[in-house]
Protein chains: 2
Amino acid sequence: MKEAKLTEKQIYERIWKSIAERRLPPGTRLKEERLCEIFGVSRPRIRRALDQLTHDGLVSHIPNRGAFVTTPSVDEARDVFFTRRVVERGVIEALQKRGAQDKLAALETHIAEEREALAEGDTARIIRLSGAFHMLLAELAASPHLADILRDLVSKSTLVTAVFQPKCDAQCGPDEHAAIVAALAAGDFDTAKTAMDAHLIEAERLLELEASGDGTGPQDDVLGAALSKEL
Amino acid sequence: MKEAKLTEKQIYERIWKSIAERRLPPGTRLKEERLCEIFGVSRPRIRRALDQLTHDGLVSHIPNRGAFVTTPSVDEARDVFFTRRVVERGVIEALQKRGAQDKLAALETHIAEEREALAEGDTARIIRLSGAFHMLLAELAASPHLADILRDLVSKSTLVTAVFQPKCDAQCGPDEHAAIVAALAAGDFDTAKTAMDAHLIEAERLLELEASGDGTGPQDDVLGAALSKEL
DNA sequence: TCTACAATTATTGTTAACAATGTTTGAACA
DNA sequence: TGTTCAAACATTGTTAACAATAATTGTAGA
(Lines give C-alpha, C1' and ligand atoms only; values in the text may rest on other atoms or scores of the structure.)
Protein backbone atom coordinates (compact mmCIF):
# COMPACT_ATOMS: atom_id res chain seq x y z
CA MET A 1 0.00 0.00 0.00
CA LYS A 2 3.01 2.23 0.40
CA GLU A 3 2.71 4.74 -2.39
CA ALA A 4 6.38 5.04 -3.18
CA LYS A 5 6.66 8.62 -1.99
CA LEU A 6 4.58 11.17 -3.82
CA THR A 7 6.58 13.91 -5.42
CA GLU A 8 5.44 17.49 -4.98
CA LYS A 9 4.43 17.58 -8.60
CA GLN A 10 2.06 14.68 -8.08
CA ILE A 11 0.58 16.37 -5.05
CA TYR A 12 0.20 19.57 -6.99
CA GLU A 13 -1.53 17.69 -9.80
CA ARG A 14 -3.93 15.93 -7.49
CA ILE A 15 -4.98 19.04 -5.65
CA TRP A 16 -5.20 20.92 -8.93
CA LYS A 17 -7.45 18.27 -10.38
CA SER A 18 -9.67 18.29 -7.33
CA ILE A 19 -10.12 22.01 -7.64
CA ALA A 20 -10.56 21.96 -11.40
CA GLU A 21 -13.19 19.27 -11.15
CA ARG A 22 -14.96 21.17 -8.44
CA ARG A 23 -14.63 18.62 -5.69
CA LEU A 24 -12.89 21.36 -3.73
CA PRO A 25 -15.22 24.37 -4.06
CA PRO A 26 -14.15 28.00 -3.69
CA GLY A 27 -13.58 29.02 -0.12
CA THR A 28 -12.51 25.58 1.02
CA ARG A 29 -9.78 25.78 3.56
CA LEU A 30 -6.67 23.81 2.74
CA LYS A 31 -5.17 23.01 6.09
CA GLU A 32 -1.60 21.89 5.75
CA GLU A 33 -1.69 19.31 8.49
CA ARG A 34 -4.79 17.70 7.09
CA LEU A 35 -3.21 17.46 3.66
CA CYS A 36 -0.16 15.86 5.23
CA GLU A 37 -2.32 13.11 6.63
CA ILE A 38 -4.14 12.57 3.36
CA PHE A 39 -1.03 12.33 1.23
CA GLY A 40 1.21 10.81 3.85
CA VAL A 41 3.99 13.33 3.36
CA SER A 42 5.44 16.04 5.50
CA ARG A 43 4.51 19.66 5.54
CA PRO A 44 7.19 21.25 3.39
CA ARG A 45 6.12 19.05 0.50
CA ILE A 46 2.53 20.20 0.88
CA ARG A 47 3.73 23.75 1.24
CA ARG A 48 5.51 23.67 -2.10
CA ALA A 49 2.45 22.32 -3.84
CA LEU A 50 0.26 25.00 -2.28
CA ASP A 51 2.76 27.66 -3.27
CA GLN A 52 2.48 26.63 -6.89
CA LEU A 53 -1.29 26.68 -6.75
CA THR A 54 -1.17 30.11 -5.14
CA HIS A 55 1.06 31.29 -7.92
CA ASP A 56 -1.49 29.99 -10.40
CA GLY A 57 -4.19 31.96 -8.64
CA LEU A 58 -6.21 28.87 -7.80
CA VAL A 59 -5.41 29.14 -4.14
CA SER A 60 -5.36 32.27 -2.03
CA HIS A 61 -2.83 32.43 0.70
CA ILE A 62 -3.44 34.67 3.69
CA PRO A 63 -0.34 35.15 5.83
CA ASN A 64 -0.51 33.32 9.12
CA ARG A 65 -4.01 32.23 8.27
CA GLY A 66 -3.63 29.54 5.73
CA ALA A 67 -4.58 28.60 2.22
CA PHE A 68 -8.05 28.64 0.72
CA VAL A 69 -9.45 27.74 -2.65
CA THR A 70 -9.84 31.08 -4.40
CA THR A 71 -13.27 32.66 -4.65
CA PRO A 72 -13.17 34.66 -7.88
CA SER A 73 -14.62 38.14 -8.06
CA VAL A 74 -16.94 39.37 -10.79
CA ASP A 75 -14.11 41.27 -12.46
CA GLU A 76 -11.95 38.20 -12.40
CA ALA A 77 -14.74 36.14 -13.90
CA ARG A 78 -15.13 38.53 -16.80
CA ASP A 79 -11.38 38.68 -17.33
CA VAL A 80 -11.04 34.90 -17.35
CA PHE A 81 -13.56 34.53 -20.12
CA PHE A 82 -12.19 37.43 -22.11
CA THR A 83 -8.70 35.95 -21.90
CA ARG A 84 -9.99 32.55 -22.88
CA ARG A 85 -11.50 34.00 -26.02
CA VAL A 86 -8.15 35.46 -26.93
CA VAL A 87 -6.23 32.30 -26.16
CA GLU A 88 -8.59 29.77 -27.68
CA ARG A 89 -8.73 31.73 -30.88
CA GLY A 90 -4.97 31.29 -30.89
CA VAL A 91 -5.39 27.58 -30.33
CA ILE A 92 -7.45 27.31 -33.48
CA GLU A 93 -4.87 29.29 -35.41
CA ALA A 94 -2.22 26.90 -34.19
CA LEU A 95 -4.34 23.99 -35.35
CA GLN A 96 -4.62 25.66 -38.72
CA LYS A 97 -0.88 26.10 -38.97
CA ARG A 98 -0.05 22.50 -38.29
CA GLY A 99 -3.04 20.93 -39.98
CA ALA A 100 -5.48 19.35 -37.60
CA GLN A 101 -7.13 16.77 -39.82
CA ASP A 102 -5.21 13.83 -38.37
CA LYS A 103 -6.47 13.99 -34.82
CA LEU A 104 -10.14 14.71 -35.28
CA ALA A 105 -11.13 11.21 -34.25
CA ALA A 106 -10.00 11.87 -30.70
CA LEU A 107 -12.24 14.92 -30.55
CA GLU A 108 -15.24 13.01 -31.87
CA THR A 109 -14.68 10.32 -29.29
CA HIS A 110 -14.47 12.92 -26.59
CA ILE A 111 -17.73 14.53 -27.60
CA ALA A 112 -19.41 11.15 -27.59
CA GLU A 113 -18.27 10.72 -24.01
CA GLU A 114 -19.68 14.12 -23.14
CA ARG A 115 -23.06 13.18 -24.54
CA GLU A 116 -23.01 9.99 -22.56
CA ALA A 117 -22.22 11.81 -19.32
CA LEU A 118 -24.95 14.32 -20.03
CA ALA A 119 -27.46 11.56 -20.66
CA GLU A 120 -26.54 9.90 -17.40
CA GLY A 121 -26.65 13.16 -15.52
CA ASP A 122 -23.19 12.54 -14.11
CA THR A 123 -22.39 16.10 -13.08
CA ALA A 124 -18.84 15.52 -11.92
CA ARG A 125 -17.98 13.80 -15.16
CA ILE A 126 -19.60 16.54 -17.22
CA ILE A 127 -17.50 19.17 -15.51
CA ARG A 128 -14.36 17.15 -16.02
CA LEU A 129 -15.04 16.45 -19.67
CA SER A 130 -16.07 20.02 -20.47
CA GLY A 131 -12.71 21.31 -19.37
CA ALA A 132 -10.88 18.39 -20.92
CA PHE A 133 -12.31 19.17 -24.34
CA HIS A 134 -10.67 22.55 -24.41
CA MET A 135 -7.44 21.12 -23.09
CA LEU A 136 -7.48 18.40 -25.70
CA LEU A 137 -7.82 21.02 -28.39
CA ALA A 138 -4.88 22.93 -26.96
CA GLU A 139 -2.72 19.82 -26.83
CA LEU A 140 -3.49 18.99 -30.42
CA ALA A 141 -2.44 22.51 -31.31
CA ALA A 142 1.10 21.60 -30.29
CA SER A 143 1.81 24.90 -28.61
CA PRO A 144 3.09 24.13 -25.13
CA HIS A 145 2.69 27.70 -24.00
CA LEU A 146 -0.89 28.02 -25.16
CA ALA A 147 -1.69 24.70 -23.53
CA ASP A 148 -0.12 25.79 -20.24
CA ILE A 149 -1.97 29.06 -20.27
CA LEU A 150 -5.27 27.48 -21.12
CA ARG A 151 -4.85 24.92 -18.41
CA ASP A 152 -4.81 27.70 -15.86
CA LEU A 153 -7.71 29.48 -17.45
CA VAL A 154 -9.88 26.40 -17.66
CA SER A 155 -9.37 25.60 -14.01
CA LYS A 156 -10.17 29.16 -13.06
CA SER A 157 -13.29 28.95 -15.18
CA THR A 158 -14.39 26.05 -13.06
CA LEU A 159 -14.08 28.19 -9.95
CA VAL A 160 -15.96 30.98 -11.67
CA THR A 161 -18.86 28.77 -12.64
CA ALA A 162 -18.92 27.28 -9.16
CA VAL A 163 -19.49 30.74 -7.72
CA PHE A 164 -21.62 32.43 -10.32
CA GLN A 165 -23.62 29.56 -11.77
CA PRO A 166 -24.72 27.78 -8.64
CA LYS A 167 -27.86 26.10 -9.89
CA CYS A 168 -27.53 25.26 -13.56
CA ASP A 169 -24.69 22.80 -13.95
CA ALA A 170 -25.14 22.77 -17.70
CA GLN A 171 -21.61 23.98 -18.47
CA CYS A 172 -20.45 23.65 -22.02
CA GLY A 173 -22.93 21.83 -24.15
CA PRO A 174 -21.56 18.98 -26.29
CA ASP A 175 -23.41 20.43 -29.27
CA GLU A 176 -21.39 23.61 -29.21
CA HIS A 177 -18.22 21.56 -29.01
CA ALA A 178 -19.44 19.50 -31.92
CA ALA A 179 -19.97 22.64 -33.98
CA ILE A 180 -16.35 23.62 -33.46
CA VAL A 181 -15.09 20.19 -34.41
CA ALA A 182 -17.31 20.13 -37.47
CA ALA A 183 -15.79 23.39 -38.68
CA LEU A 184 -12.31 22.04 -38.07
CA ALA A 185 -13.15 18.90 -39.99
CA ALA A 186 -14.34 21.03 -42.88
CA GLY A 187 -11.09 22.94 -42.77
CA ASP A 188 -13.03 26.13 -42.17
CA PHE A 189 -10.98 27.72 -39.42
CA ASP A 190 -12.72 31.08 -39.51
CA THR A 191 -15.99 29.39 -38.73
CA ALA A 192 -14.27 27.38 -36.05
CA LYS A 193 -13.02 30.59 -34.44
CA THR A 194 -16.47 32.13 -34.60
CA ALA A 195 -18.00 29.02 -33.08
CA MET A 196 -15.44 29.01 -30.29
CA ASP A 197 -16.04 32.67 -29.58
CA ALA A 198 -19.77 32.16 -29.52
CA HIS A 199 -19.35 29.16 -27.27
CA LEU A 200 -17.33 31.13 -24.73
CA ILE A 201 -19.62 34.12 -24.87
CA GLU A 202 -22.57 31.82 -24.25
CA ALA A 203 -20.79 30.25 -21.29
CA GLU A 204 -20.16 33.69 -19.84
CA ARG A 205 -23.73 34.74 -20.49
CA LEU A 206 -25.01 31.83 -18.40
CA LEU A 207 -23.23 33.26 -15.38
CA GLU A 208 -25.01 35.52 -12.97
CA LEU A 209 -22.41 38.23 -12.95
CA GLU A 210 -24.76 40.91 -11.72
CA ALA A 211 -25.33 39.00 -8.53
CA SER A 212 -23.89 39.93 -5.17
CA GLY A 213 -21.23 37.25 -5.25
CA ASP A 214 -22.31 35.54 -2.10
CA GLY A 215 -18.89 34.13 -1.32
CA THR A 216 -19.98 30.72 -0.18
CA GLY A 217 -17.31 29.00 1.81
CA PRO A 218 -17.85 25.45 2.98
CA GLN A 219 -15.37 24.39 5.60
CA ASP A 220 -16.38 20.84 6.34
CA ASP A 221 -14.20 17.85 5.81
CA VAL A 222 -14.63 17.78 2.09
CA LEU A 223 -10.88 17.50 1.89
CA GLY A 224 -10.64 13.84 2.61
CA ALA A 225 -13.58 12.94 0.44
CA ALA A 226 -12.34 14.98 -2.50
CA LEU A 227 -8.71 14.00 -2.49
CA SER A 228 -8.82 10.39 -1.49
CA LYS A 229 -10.76 9.00 -4.43
CA GLU A 230 -9.85 11.38 -7.18
CA LEU A 231 -9.51 8.63 -9.74
CA MET B 1 21.46 48.37 6.83
CA LYS B 2 19.17 45.61 7.98
CA GLU B 3 16.83 45.07 5.09
CA ALA B 4 13.79 44.29 7.15
CA LYS B 5 13.58 40.69 6.01
CA LEU B 6 12.95 40.10 2.35
CA THR B 7 9.81 38.19 1.62
CA GLU B 8 9.93 35.33 -0.87
CA LYS B 9 7.94 37.41 -3.29
CA GLN B 10 10.58 40.12 -3.25
CA ILE B 11 13.30 37.56 -3.83
CA TYR B 12 11.30 36.07 -6.65
CA GLU B 13 10.85 39.50 -8.20
CA ARG B 14 14.52 40.37 -7.98
CA ILE B 15 15.73 37.14 -9.52
CA TRP B 16 13.00 37.38 -12.13
CA LYS B 17 14.08 40.88 -13.05
CA SER B 18 17.69 39.86 -13.28
CA ILE B 19 16.81 37.10 -15.69
CA ALA B 20 14.37 39.22 -17.67
CA GLU B 21 16.92 41.98 -18.07
CA ARG B 22 19.53 39.49 -19.10
CA ARG B 23 21.97 40.03 -16.29
CA LEU B 24 21.58 36.34 -15.57
CA PRO B 25 22.06 34.67 -18.96
CA PRO B 26 20.71 31.23 -19.93
CA GLY B 27 22.69 28.42 -18.43
CA THR B 28 23.70 30.34 -15.34
CA ARG B 29 23.76 28.15 -12.32
CA LEU B 30 21.66 29.37 -9.41
CA LYS B 31 23.34 27.88 -6.40
CA GLU B 32 21.10 28.03 -3.38
CA GLU B 33 23.82 28.72 -0.86
CA ARG B 34 25.19 31.58 -2.88
CA LEU B 35 21.76 33.14 -3.18
CA CYS B 36 21.34 32.84 0.56
CA GLU B 37 24.44 34.92 1.09
CA ILE B 38 23.37 37.53 -1.44
CA PHE B 39 19.90 38.02 -0.03
CA GLY B 40 20.75 37.31 3.56
CA VAL B 41 17.98 34.79 4.03
CA SER B 42 17.91 31.08 4.66
CA ARG B 43 17.62 28.36 2.10
CA PRO B 44 13.94 27.49 2.26
CA ARG B 45 13.08 31.03 1.28
CA ILE B 46 15.36 30.86 -1.72
CA ARG B 47 13.94 27.48 -2.53
CA ARG B 48 10.41 28.80 -2.72
CA ALA B 49 11.44 31.59 -5.03
CA LEU B 50 13.29 29.18 -7.29
CA ASP B 51 10.28 26.86 -7.32
CA GLN B 52 8.11 29.66 -8.62
CA LEU B 53 10.60 30.52 -11.32
CA THR B 54 10.82 26.87 -12.27
CA HIS B 55 7.07 26.76 -12.54
CA ASP B 56 7.24 29.77 -14.85
CA GLY B 57 9.74 27.96 -17.02
CA LEU B 58 12.43 30.57 -16.50
CA VAL B 59 14.51 28.25 -14.40
CA SER B 60 15.21 24.59 -15.04
CA HIS B 61 15.53 22.38 -12.06
CA ILE B 62 17.54 19.19 -12.31
CA PRO B 63 16.99 16.85 -9.35
CA ASN B 64 19.96 16.71 -7.01
CA ARG B 65 21.86 18.95 -9.36
CA GLY B 66 20.44 22.36 -8.81
CA ALA B 67 18.73 25.18 -10.63
CA PHE B 68 19.86 26.84 -13.85
CA VAL B 69 18.53 29.68 -15.91
CA THR B 70 16.65 27.95 -18.73
CA THR B 71 18.26 27.70 -22.14
CA PRO B 72 15.34 27.71 -24.57
CA SER B 73 15.24 25.37 -27.52
CA VAL B 74 14.43 26.38 -31.07
CA ASP B 75 10.93 24.98 -30.78
CA GLU B 76 10.38 26.87 -27.58
CA ALA B 77 11.60 30.06 -29.21
CA ARG B 78 9.11 29.73 -32.04
CA ASP B 79 6.31 28.90 -29.65
CA VAL B 80 7.05 31.89 -27.46
CA PHE B 81 6.75 34.29 -30.34
CA PHE B 82 3.68 32.61 -31.75
CA THR B 83 2.00 32.80 -28.37
CA ARG B 84 3.00 36.41 -27.97
CA ARG B 85 1.31 37.26 -31.23
CA VAL B 86 -1.88 35.67 -29.98
CA VAL B 87 -1.73 37.35 -26.60
CA GLU B 88 -0.66 40.80 -27.69
CA ARG B 89 -3.41 40.93 -30.25
CA GLY B 90 -5.68 40.30 -27.29
CA VAL B 91 -4.06 43.15 -25.42
CA ILE B 92 -4.95 45.53 -28.20
CA GLU B 93 -8.51 44.26 -28.24
CA ALA B 94 -8.71 44.88 -24.52
CA LEU B 95 -7.43 48.41 -25.07
CA GLN B 96 -10.12 48.86 -27.67
CA LYS B 97 -12.81 47.67 -25.28
CA ARG B 98 -11.93 50.02 -22.49
CA GLY B 99 -10.85 52.96 -24.61
CA ALA B 100 -7.15 53.66 -24.50
CA GLN B 101 -7.04 57.33 -25.33
CA ASP B 102 -6.45 58.48 -21.79
CA LYS B 103 -3.12 56.82 -21.16
CA LEU B 104 -1.30 57.43 -24.41
CA ALA B 105 0.99 59.99 -22.82
CA ALA B 106 2.68 57.30 -20.76
CA LEU B 107 3.42 55.33 -23.89
CA GLU B 108 4.87 58.36 -25.67
CA THR B 109 7.10 59.06 -22.69
CA HIS B 110 8.24 55.48 -22.68
CA ILE B 111 9.18 55.55 -26.33
CA ALA B 112 11.12 58.74 -25.78
CA GLU B 113 13.10 56.92 -23.12
CA GLU B 114 13.75 54.07 -25.53
CA ARG B 115 15.12 56.45 -28.11
CA GLU B 116 17.35 58.00 -25.50
CA ALA B 117 18.73 54.64 -24.42
CA LEU B 118 19.31 53.69 -28.02
CA ALA B 119 21.18 56.92 -28.70
CA GLU B 120 23.38 56.33 -25.68
CA GLY B 121 23.97 52.71 -26.62
CA ASP B 122 22.93 51.59 -23.15
CA THR B 123 22.25 47.93 -23.96
CA ALA B 124 20.98 46.86 -20.58
CA ARG B 125 18.52 49.72 -20.51
CA ILE B 126 17.36 48.99 -24.05
CA ILE B 127 16.59 45.43 -23.12
CA ARG B 128 14.73 46.50 -20.02
CA LEU B 129 12.70 49.14 -21.81
CA SER B 130 11.85 46.93 -24.77
CA GLY B 131 10.19 44.43 -22.51
CA ALA B 132 8.65 47.14 -20.37
CA PHE B 133 6.86 48.66 -23.35
CA HIS B 134 4.90 45.52 -23.95
CA MET B 135 4.17 45.15 -20.26
CA LEU B 136 3.00 48.74 -20.07
CA LEU B 137 0.59 48.09 -22.88
CA ALA B 138 -0.74 45.03 -21.10
CA GLU B 139 -1.21 46.94 -17.87
CA LEU B 140 -3.12 49.68 -19.60
CA ALA B 141 -5.34 47.00 -21.09
CA ALA B 142 -6.61 46.30 -17.58
CA SER B 143 -6.72 42.56 -18.03
CA PRO B 144 -4.81 41.03 -15.13
CA HIS B 145 -4.67 37.64 -16.79
CA LEU B 146 -3.30 38.91 -20.06
CA ALA B 147 -0.74 40.97 -18.16
CA ASP B 148 0.35 37.97 -16.13
CA ILE B 149 0.65 35.80 -19.18
CA LEU B 150 2.55 38.39 -21.12
CA ARG B 151 4.91 38.95 -18.25
CA ASP B 152 6.01 35.35 -18.52
CA LEU B 153 6.26 35.48 -22.27
CA VAL B 154 8.29 38.67 -22.33
CA SER B 155 10.82 37.29 -19.89
CA LYS B 156 11.09 34.10 -21.90
CA SER B 157 11.60 36.19 -25.01
CA THR B 158 14.59 37.73 -23.33
CA LEU B 159 16.08 34.29 -22.81
CA VAL B 160 15.32 33.41 -26.40
CA THR B 161 17.06 36.46 -27.79
CA ALA B 162 19.99 35.89 -25.48
CA VAL B 163 20.51 32.47 -27.03
CA PHE B 164 19.54 33.00 -30.65
CA GLN B 165 20.51 36.59 -31.25
CA PRO B 166 23.97 36.73 -29.72
CA LYS B 167 25.48 39.58 -31.68
CA CYS B 168 22.82 42.06 -32.65
CA ASP B 169 21.32 43.51 -29.48
CA ALA B 170 18.94 45.62 -31.51
CA GLN B 171 15.83 44.11 -29.92
CA CYS B 172 12.59 45.93 -30.53
CA GLY B 173 13.11 49.18 -32.32
CA PRO B 174 11.40 52.24 -30.83
CA ASP B 175 10.05 53.10 -34.26
CA GLU B 176 7.99 49.96 -34.44
CA HIS B 177 6.64 50.68 -30.99
CA ALA B 178 5.84 54.20 -32.11
CA ALA B 179 3.88 52.85 -35.05
CA ILE B 180 1.71 50.85 -32.72
CA VAL B 181 1.08 53.80 -30.44
CA ALA B 182 0.29 56.02 -33.41
CA ALA B 183 -2.38 53.60 -34.55
CA LEU B 184 -3.81 53.48 -31.04
CA ALA B 185 -3.85 57.25 -30.89
CA ALA B 186 -5.75 57.34 -34.18
CA GLY B 187 -8.24 54.88 -32.77
CA ASP B 188 -7.39 52.48 -35.56
CA PHE B 189 -7.13 49.24 -33.67
CA ASP B 190 -6.97 47.01 -36.71
CA THR B 191 -3.86 48.80 -37.85
CA ALA B 192 -2.49 48.59 -34.32
CA LYS B 193 -2.96 44.84 -34.39
CA THR B 194 -1.29 44.56 -37.75
CA ALA B 195 1.62 46.68 -36.55
CA MET B 196 2.01 44.58 -33.43
CA ASP B 197 1.94 41.40 -35.45
CA ALA B 198 4.52 42.74 -37.86
CA HIS B 199 6.66 43.88 -34.98
CA LEU B 200 6.69 40.45 -33.39
CA ILE B 201 7.28 38.68 -36.67
CA GLU B 202 10.20 40.98 -37.33
CA ALA B 203 11.62 40.26 -33.88
CA GLU B 204 11.37 36.55 -34.55
CA ARG B 205 12.91 36.97 -37.97
CA LEU B 206 16.01 38.57 -36.44
CA LEU B 207 16.68 35.37 -34.52
CA GLU B 208 19.00 32.74 -35.88
CA LEU B 209 16.65 29.86 -35.40
CA GLU B 210 18.37 27.63 -37.94
CA ALA B 211 21.55 27.68 -35.90
CA SER B 212 22.82 24.83 -33.80
CA GLY B 213 21.79 26.41 -30.52
CA ASP B 214 25.21 26.38 -28.96
CA GLY B 215 23.92 26.28 -25.42
CA THR B 216 26.35 28.75 -23.92
CA GLY B 217 26.51 28.45 -20.17
CA PRO B 218 28.64 30.86 -18.18
CA GLN B 219 29.23 29.71 -14.65
CA ASP B 220 31.30 32.51 -13.16
CA ASP B 221 30.21 34.64 -10.30
CA VAL B 222 27.78 36.68 -12.31
CA LEU B 223 25.30 36.04 -9.55
CA GLY B 224 26.61 38.60 -7.14
CA ALA B 225 27.15 41.22 -9.80
CA ALA B 226 23.72 40.75 -11.31
CA LEU B 227 21.65 40.58 -8.16
CA SER B 228 23.36 43.08 -5.92
CA LYS B 229 22.80 46.22 -7.92
CA GLU B 230 19.64 45.48 -9.75
CA LEU B 231 18.22 48.95 -9.19
C1' DT C 1 -27.51 40.29 28.91
C1' DC C 2 -24.14 42.21 26.03
C1' DT C 3 -19.54 43.81 25.23
C1' DA C 4 -14.69 44.03 25.76
C1' DC C 5 -10.48 42.18 27.22
C1' DA C 6 -7.32 38.52 28.15
C1' DA C 7 -5.56 33.95 27.94
C1' DT C 8 -5.34 29.70 25.60
C1' DT C 9 -5.10 26.99 21.49
C1' DA C 10 -4.36 25.92 16.93
C1' DT C 11 -1.90 26.84 12.79
C1' DT C 12 1.49 28.74 10.08
C1' DG C 13 6.34 30.41 9.48
C1' DT C 14 11.27 29.68 10.39
C1' DT C 15 15.50 27.65 11.45
C1' DA C 16 18.88 24.15 12.04
C1' DA C 17 20.59 19.62 11.75
C1' DC C 18 20.67 15.36 9.07
C1' DA C 19 20.46 12.13 5.05
C1' DA C 20 20.90 11.02 0.26
C1' DT C 21 22.54 11.86 -4.27
C1' DG C 22 25.57 13.34 -7.82
C1' DT C 23 30.16 15.09 -9.16
C1' DT C 24 34.85 15.50 -9.18
C1' DT C 25 39.43 14.28 -8.26
C1' DG C 26 43.04 11.13 -7.51
C1' DA C 27 45.24 6.81 -7.91
C1' DA C 28 45.97 2.38 -9.84
C1' DC C 29 45.98 -0.68 -13.59
C1' DA C 30 46.09 -1.80 -18.49
C1' DT D 1 49.85 7.56 -21.23
C1' DG D 2 45.04 6.86 -21.16
C1' DT D 3 41.12 4.89 -18.86
C1' DT D 4 38.48 3.19 -15.14
C1' DC D 5 37.20 2.70 -10.49
C1' DA D 6 36.83 4.36 -5.87
C1' DA D 7 36.65 7.68 -2.32
C1' DA D 8 35.94 12.28 -0.68
C1' DC D 9 33.44 16.50 -1.35
C1' DA D 10 29.92 19.57 -2.39
C1' DT D 11 25.11 20.38 -2.99
C1' DT D 12 20.46 19.42 -2.78
C1' DG D 13 16.50 17.07 -0.42
C1' DT D 14 14.17 15.92 3.93
C1' DT D 15 12.77 15.90 8.52
C1' DA D 16 11.96 17.52 13.06
C1' DA D 17 11.85 20.87 16.55
C1' DC D 18 10.94 25.70 17.68
C1' DA D 19 9.01 30.49 17.47
C1' DA D 20 5.57 33.82 16.21
C1' DT D 21 1.07 35.23 14.89
C1' DA D 22 -3.86 35.19 14.69
C1' DA D 23 -8.36 33.22 16.05
C1' DT D 24 -11.38 31.63 19.50
C1' DT D 25 -13.31 31.05 23.78
C1' DG D 26 -14.17 32.18 28.38
C1' DT D 27 -14.61 35.50 31.97
C1' DA D 28 -15.41 39.77 34.09
C1' DG D 29 -17.46 44.17 34.16
C1' DA D 30 -20.97 47.46 32.79
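Proteins get letters first, then strands, A, B, ... in listed order; numbering begins at 1 in each.
The distance between atom CD of A:Glu32 and atom P of D:dT21, rounded to the nearest whole Å, is 17 Å. Rounded to an integer number of Å, the gap from B:Leu35 CG to D:dT11 P is 12 Å. If you take CD of B:Glu33 and P of D:dC9, they are 16 Å apart, rounded to a whole angstrom. At whole-Å resolution of the value, CZ in B:Arg34 and P in D:dA10 are 16 Å apart. Taking atom CZ on A:Arg45 and atom C1' on C:dG13, their separation rounds to 19 Å, with Å as the unit.
Residue side chain A:Arg48 does not reach the base of D:dG13 through any donor-acceptor N/O pair under 3.5 Å, judged by distance alone.
Under 4.0 angstrom from either OP1 or OP2 of C:dT15 there lies at least one side-chain N or O belonging to B:Ser42. Note on A:Arg43: every side-chain N or O is 4.0 Å or more away from OP1 and OP2 of C:dT12. For D:dA23, the OP1/OP2 oxygens have a side-chain nitrogen or oxygen of A:Arg65 closer than 4.0 Å. A sub-4.0 Å separation between OP1 or OP2 of C:dT12 and a side-chain N or O of A:Arg47 is absent.
Contacts of residues 51-64 of chain A with DNA chain C (heavy atom under 4.0 Å): A:His61, A:Pro63, A:Asn64.
Cation-pi geometry between B:Lys17 and B:Tyr12 is not met: the NZ or CZ atom fails to fall both under 6.0 Å from the ring centre and inside 45° of the normal.
Using a 30° and 60° split on the angle between ring planes, B:His199 and B:His134 fall in the parallel class, below 30°.
Residues satisfying the salt bridge (charged side-chain N to carboxylate O under 4.0 Å, His left out) test with B:Asp56, not counting sequence neighbours, are none. In terms of the side-chain contact (heavy atoms from CB on, under 4.5 Å) criterion, residue partners of B:Glu139 (sequence neighbours excluded) are, by chain and number, B:Met135. Under the rule for a side-chain contact (heavy atoms from CB on, under 4.5 Å), A:Asp148 has no partner lying at least two apart in sequence or in another chain. Listed by chain and number, the residues in a side-chain contact (heavy atoms from CB on, under 4.5 Å) with A:Ala67 are A:Leu30, A:Leu50, A:Val59, A:His61 (sequence neighbours excluded).
Side-chain atoms of B:Pro44 lie closest to C:dT15 of the nucleotides C:dT11, D:dT12, C:dT15.
Residue pairs satisfying the ring-ring contact (aromatic ring centres under 6.0 Å, His included) criterion with at least one member in residues 137-160 of chain B, sequence neighbours excluded, are absent.
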